[in-house]
Amino acid sequence: MADLEDMVRELVIALDGARKVACLTGAGCSAESGVPTFRDAGGLWRGRDPMSLATPGAFAAEPELVWQFYDFRRATLEGCLPNPGHRALAELEGRVPEFLLATQNVDRLHQAAGSKRIVELHGDIWTLRCSARCGHEAEDRRTGIPGPPPCPDCGEPLRPGVVWFGEGLPPGAMEGAQRAAGTCQVFLVVGTSSVVYPAAGLADLAAARGARVFEINPRPASRVAGIRVLAGPAGEILPRVLAGLRARQ
Ligand code: BV8
Ligand code: ZN
């Protein structure tokens, strides 16, 4: 297998020649910021599988428990800052003519690092919205509240503004991400186990339309045919890629 240095060089050359670049990121992109990944080995919370808590059914059945799961994650995030991988992706956005970052992350660390061209496929943990869909939705960074606060407009419980399993993605999110994946010359898959759909399907779409697909992950997971793998942490590899690109531009 080509060594990492060769793969970094190959990615730099591909990025330098590309008009359109798109990227899918997952929890691994925030790991070096101290944010536990979604499926960390044994990633249980109070003995519960997060996958079973991130559902509308769980919120309906155990609203306080689900609320406290998200409150715990929001409180964990309070001390977390963007890492060099987030910053490298923000710089890349300014170094290619057209760039789109589709993230599965709900932590807003890409925005904090300066990324502008971004689609949040799975929503945002800092936004609270009305569980009765009355239309109320607002950024709310309070933590330590024991249960879902009442919607200020209709009194029903508020819920985290994230997309739960079994819920549709935000209107237009996948369409925008698919348009970018389907027309880019280079597609990056960074820090994701590529098990959650429809997000994971973006890499397949990019490859099917002829893009060069590269994965950055210490434990590469994508099954896209012909994918080029840079096996290592995003916070180390992406800055090396940007250093190489800077030297050519
Ligand atoms: C939908 C928000 C339909 C909440 C999340 C059977 C087959 C196929 C699909 C399905 C199926 N059964 C059900 C489905 C659909 C389901 C799905 O895909 N399930 C999977 C699990 C089988 N999908 C859905 O339900 C989606 N909706 O399909 O709706 C529909 C349509 C219209 C109308 C109604 C319904 C909704 C999916 C969204 C779920 N919400 N999150 C929250 O965060 O609490 S998903 C959740 O998983 C997180 O968003 C997370 O981002 C996402 C993916 O996980 P990853 O980001 O990949 O994180 P993970 O921990 O898994 O992996 C971390 C990776 O990082 C690892 O590979 C690791 O090696 C790497 N890493 C570690 N350190 C580093 C690193 N990489 C780089 N650098 C490092 N330093
Ligand atoms: Zn309401």
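Values reported hereafter were calculated over all heavy atoms of this structure, with side chains retained and with hydrogens, waters and symmetry mates removed.
In this structure the side chain of Ile118 reaches within 4.5 angstrom of the side chain of Gln111, judged on heavy atoms. Looking at Leu121 and Met174, their side chains come closer than 4.5 Å, going by heavy atoms from C-beta outward. Residues Thr103 and Cys29 are not in side-chain contact: their nearest non-hydrogen atoms beyond the backbone lie 4.5 Å or more apart. Contact of the Val241 side chain with the Leu245 side chain is not registered, since no non-hydrogen atoms from C-beta on lie closer than 4.5 Å. Residues Ser115 and His86 form no side-chain contact, since every pair of their non-hydrogen atoms from C-beta on lies 4.5 Å or further apart. Two residues are said to be in side-chain contact when any heavy atoms from C-beta on lie closer than 4.5 Å; Arg240 and Glu236 fail this criterion. In this structure the side chain of Cys80 never reaches within 4.5 angstrom of the side chain of Asp107, judged on heavy atoms. Contact of the Asp124 side chain with the Val106 side chain is not registered, since no non-hydrogen atoms from C-beta on lie closer than 4.5 Å.
Looking at Arg246, Arg248, Arg9 one by one, the single match for salt bridge (Lys or Arg N to Asp or Glu O under 4.0 Å) with Asp16 turns out to be Arg248.
Interatomic distance, CG of Leu238 versus CD1 of Ile216, reported as 4.0 Å (0.5 Å rounding). Here CZ of Arg129 is found 14.0 Å from CG of Asp140. Values are rounded to the nearest 0.5 Å. Interatomic distance, CD of Glu139 versus CD1 of Ile125, reported as 12.0 Å (0.5 Å rounding). If you take CG on Leu81 and CG on Leu109, they are separated by 8.0 Å, rounding to the nearest 0.5 Å. With rounding to the nearest 0.5 angstrom, the OG1 atom of Thr127 is 6.0 Å from the CD atom of Glu137. We find the OG-CD1 distance between Ser222 and Ile227 to be 3.5 Å, quoted to the nearest 0.5 Å.
Cluster annotation: Phe59 and Phe69 are assigned to the same hydrophobic cluster (Ile/Leu/Val/Met/Phe/Trp/Tyr, side-chain heavy-atom contacts under 4.5 Å, transitive). Put simply, Ile13 and Leu230 are part of two different groups of oily side chains (I, L, V, M, F, W, Y) that touch within less than 4.5 Å, one to the next. In terms of hydrophobic clustering, with Ile, Leu, Val, Met, Phe, Trp and Tyr side chains grouped at heavy-atom distances under 4.5 Å, Trp67 and Trp45 are assigned to different clusters. Following chains of ILVMFWY side-chain contacts shorter than 4.5 Å, one can reach Phe214 starting from Leu89, so the two form part of one hydrophobic cluster. Follow the hydrophobic side-chain contacts under 4.5 Å out from Phe99 and you reach Leu242 in the same cluster.
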Inset, instruction - Quick one: do Arg117 and Glu98 satisfy salt bridge (Lys or Arg N to Asp or Glu O under 4.0 Å)? Show the steps, please. - result: CA-CA 9 Å; Arg117 299 276 301 122; Glu98 279 192 60; 5.8 Å; no
Legend entry - Test side-chain contact (heavy atoms from CB on, under 4.5 Å) applied to Thr25 and His110, step by step: CA-CA 10 Å; Thr25 64; His110 285 302; 2.8 Å; yes
Inset, instruction - Given side-chain contact (heavy atoms from CB on, under 4.5 Å), test Arg212 with Leu11 step by step and report yes or no. - result: CA-CA 9 Å; Arg212 305 269 301 283; Leu11 176 50; over 6 Å; no
Enumerate donor-acceptor pairs with a distance under 3.5 Å from any side-chain N or O in residues 144-157 to protein atoms, sequence neighbours excluded.
from	atom 1	to	atom 2	distance (Å)
Asp153	OD2	His136	ND1	3.4

Sequence neighbours left out, cut at 3.5 Å: what donor-acceptor pairs do the side chains of residues 188-209 make with other protein atoms?
from	atom 1	to	atom 2	distance (Å)
Thr192	OG1	Gln104	NE2	2.8
Thr192	OG1	Ser194	N	3.2

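Screening residues 69-78 for side-chain hydrogen bond (donor to acceptor under 3.5 Å, both in side chains), with sequence neighbours left out, gives Tyr70-Trp164, Glu78-Thr143. Listed by first and then second residue, the side-chain hydrogen bond (donor to acceptor under 3.5 Å, both in side chains) pairs involving residues 47-59 are Arg48-Glu62 (not counting sequence neighbours). The stretch residues 165-182 participates, sequence neighbours left out, in these side-chain hydrogen bond (donor to acceptor under 3.5 Å, both in side chains) pairs: Arg159-Glu167.
Nearest heavy atoms, Pro170 versus Val163: CD-CG2, 3.7 Å. Taking both residues in full, the closest heavy atoms of Ala231 and Pro220 are given as CB-CG, 4.2 Å, listed atom of the first, atom of the second, then distance. Between Ala181 and Phe187, the closest heavy-atom pair is CB-CE1, 3.8 Å. Nearest heavy-atom pair, Ser30 versus Asn105, reported as atom, atom and distance to 0.1 Å: OG-ND2, 3.7 Å. Scanning both residues, Pro233 and Glu32, for their nearest heavy atoms gives CB-OE2, 3.5 Å.
Donor-acceptor pairing under 3.5 Å is recorded for the side chains of Gln249 and Arg95.
Between Lys116 and Glu93 there is no salt bridge, since no side-chain nitrogen of the basic residue lies less than 4.0 Å from a carboxylate oxygen of the acidic one.
In this structure, Asn83 contributes its side chain and Gly235 its backbone to no donor-acceptor pair below 3.5 Å.
With Trp126 as the aromatic partner, Arg108 does not meet the cation-pi criteria of under 6.0 angstrom to the ring centre and within 45 degrees of the ring axis.
The 12-atom threshold is not exceeded at CZ of Arg133, counting heavy atoms of other residues, nucleotides or ligands nearer than 6.0 Å.
Evaluation of the side chain to side chain donor-acceptor pair (under 3.5 Å) rule for Glu215 yields no partner, not counting sequence neighbours.
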